[in-house]
**Student:** 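There's a structure below that I have some questions on.
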Amino acid sequence: MAEQLTGTVALITGASSGIGEAAARVLATRGAAVALVARRKDRLEQLAEAITQQGGRALVFETDVTDQAQARLAVEQSVAALGRLDTVINNAGVMLLGPASEAPLEEWDRMVALNLQGLLYITHAALPHLVSAAQTSPRQVADLVNISSVAGRVSRNGSSVYAATKFGVVAFSESLRQEFAGRHVRVSVVEPGVVATELATHMRAEVQERSMQRFAGVERLEAEDIADVIDYIVTRPRRMAINEVLVRPTQQEG
Ligand SMILES: NC(=O)c1ccc[n+]([C@@H]2O[C@H](COP(=O)([O-])OP(=O)(O)OC[C@H]3O[C@@H](n4cnc5c(N)ncnc54)[C@H](OP(=O)(O)O)[C@@H]3O)[C@@H](O)[C@H]2O)c1
């Protein structure tokens, strides 16, 4: 069971830290060759080296997925270098919370550009390869896993545009799921609660402070916990699709 993904190829966006990095590690231990996609090349190279040292195969694609041409190139170069594409983890994202009344519009643009458009660009480029993988691979199934958030299920005061992007990911995923079900391309959405990663560090200081207060005393999830969910999704038998996983820290109420 330890090498269920041997012979397959997985592309992970946002693999340079947090959930993406943890997901890349776990898929590599399952035997998948991994295409590591993000902007911080040094971090991707460190991860690729660690995976390689443990006997895995990893290639680095320095990519800004908000750029349509770069996103497509990352997918096409992965397929050219690794021969196929069975699994895509659309994980790259940014969370810039705070009241709408004081939000710099640039923050809203960044969230829409990455959380929605970047995910769409990668998906559009990857779909033909996933369909082909589901037809030709020994597993006869392919996986597209989109990382949304609890904010894709519950919209809260102060999370307006982040929630809009994550609700968008859920809506997009469900429509795609129906469209590709008959072709054995499974489309899944993962909706984590608070996870201990770099995500919150990109917010303005005053917003970060408020967010810290909200989760004071809550034991956060680890990136590995979400990687574990992703691992579960992509290693199910062909007949079984995990459509949606909402996963919160035990103590997180909302
Ligand atoms: N942490 C949480 O509490 C939490 C909860 C719910 C959902 N999520 C979701 O989980 C996903 C991963 O977040 P995380 O918590 O692991 O945070 P993270 O450590 O900040 O990871 C974000 C990743 O996105 C990448 N990224 C940012 N801009 C990019 C761009 N333009 N092109 C390509 N990659 C880009 C970053 O890499 P580079 O900077 O190197 O490009 C990084 O690898 C996000 O979609 C987030 O919304 C997180």
Side-chain angles (χ1 to χ4, degrees), residues 11-26 34-48 60-75 88-97 106-107 109-123 125 145-156 159 161-170 172-173 189-203 208 211-212 214-215 218-227 229-230 244-249 252 254:
L11 180 148
I12 302 104
T13 71
S16 57
S17 61
I19 295 168
E21 179 181 342
R25 285 183 195 277
V26 80
V34 289
L36 308 175
V37 174
R39 296 167 305 175
R40 286 171 294 175
K41 194 176 177 206
D42 53 334
R43 297 275 291 257
L44 295 179
E45 283 175 346
Q46 279 171 24
L47 176 60
V60 166
F61 297 92
E62 180 186 5
T63 306
D64 180 344
V65 299
T66 68
D67 181 297
Q68 197 183 127
Q70 286 188 41
R72 181 161 300 277
L73 199 63
V75 171
V88 170
I89 315 296
N90 264 322
N91 161 77
V94 64
M95 176 182 75
L96 305 167
L97 304 179
E106 171 272 333
E107 291 192 347
D109 286 343
R110 267 164 67 198
M111 286 189 283
V112 171
L114 180 59
N115 302 359
L116 275 177
Q117 282 181 301
L119 182 141
L120 301 184
Y121 296 154
I122 290 286
T123 302
V145 181
N146 292 332
I147 309 302
S148 176
S149 168
V150 166
R153 289 278 297 260
V154 185
S155 192
R156 295 173 55 87
S159 69
V161 176
Y162 183 65
T165 63
K166 294 301 188 178
F167 268 73
V169 170
V170 173
F172 176 64
S173 304
V189 66
V190 180
E191 300 155 334
V194 64
V195 187
T197 67
E198 296 173 13
L199 192 71
T201 65
H202 304 295
M203 297 193 286
Q208 243 184 84
S211 176
M212 295 279 282
R214 184 182 159 212
F215 291 110
V218 171
E219 185 185 357
R220 287 153 205 251
L221 295 171
E222 298 291 334
E224 289 70 23
D225 299 328
I226 307 304
V229 170
I230 293 168
E244 185 175 15
V245 180
L246 176 61
V247 48
R248 289 183 175 92
Q252 182 176 338

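First listed ligand is number 1; within each ligand, the first listed atom is number 1.
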**Student:** Checking contacts here: is it the side chain or the backbone of Y162 that comes within 4.0 Å of ligand 1, counting heavy atoms only? Could be both or neither.
**Tutor:**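 It is the side chain that gets close, since no backbone atom is under 4.0 Å.
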**Student:** Hey, is ligand 1 close enough to V195 that some N/O pair sits below 3.5 Å?
**Tutor:**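 V195 vs ligand 1: N/O contact under 3.5 Å present.
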**Student:** With heavy-atom distances below 4.5 Å as the criterion, would you say the side chains of L246 and E244 are in contact?
**Tutor:**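 Sidechains of E244 and L246: no contact.
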**Student:** For G18, counting its heavy atoms only, list the atoms of ligand 1 lying under 4.0 Å from any of them.
**Tutor:**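 It comes down to these atoms of ligand 1: 16 (O), 19 (O).
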**Student:** Does ligand 1 have any atom sitting under 4.0 Å from a heavy atom of G193?
**Tutor:**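 In this structure, G193 qualifies as a contact of ligand 1 - some heavy atom is under 4.0 Å.
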**Student:** Would a distance-only check, ignoring hydrogens and angles, find a side-chain to backbone donor-acceptor pair under 3.5 Å from Q70 to D64?
**Tutor:**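 Such a contact is found between Q70 side chain and D64 backbone.
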**Student:** Can you confirm, on distance only, whether ligand 1 has an N/O atom lying under 3.5 Å from any N/O atom belonging to L114?
**Tutor:**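 No, L114 has no N/O under 3.5 Å of an N/O on ligand 1.
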**Student:** Check this for me: does any side-chain nitrogen of one of E21 and R40 sit under 4.0 Å from a carboxylate oxygen of the other?
**Tutor:**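 Answer for the salt bridge query: no.
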**Student:** Just distances here: any N/O of P192 and N/O of ligand 1 closer than 3.5 Å?
**Tutor:**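 So ligand 1 has no N or O lying under 3.5 Å from an N or O of P192.
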**Student:** On a heavy-atom basis, I'd like to know which of N91, I147, V190 is closest to atom 44 (C) of ligand 1.
**Tutor:**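 Closest candidate by heavy-atom distance is N91.
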**Student:** Hey, does A22 sit under 4.0 Å from ligand 1 if you only count heavy atoms?
**Tutor:**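 No, A22 has no heavy atoms under 4.0 Å from ligand 1.
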**Student:** Take L221 and I226, measure what side chain to side chain contact (heavy atoms under 4.5 Å, CB included) needs, and give me the verdict at the end.
**Tutor:** CA-CA 8 Å; L221 295 171; I226 307 304; 4.0 Å; yes
**Student:** Give the numbers and elements of all ligand 1 atoms closer than 4.0 Å to a heavy atom of L199.
**Tutor:**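 Listed by number with element, the hits are 1 (N), 2 (C), 4 (C), 13 (O), 15 (O), 17 (O), 20 (O), 46 (C), 48 (C).
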**Student:** Please report the closest heavy-atom contact between A92 and G14, naming both atoms and the distance.
**Tutor:**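 Closest pair (atom of A92, atom of G14, distance): CB-N, 3.8 Å.
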**Student:** Considering the heavy atoms of S17, write down every atom of ligand 1 situated less than 4.0 Å from one of them.
**Tutor:**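 Atoms satisfying the 4.0 Å criterion: 18 (P), 19 (O), 21 (O), 42 (C), 43 (O).
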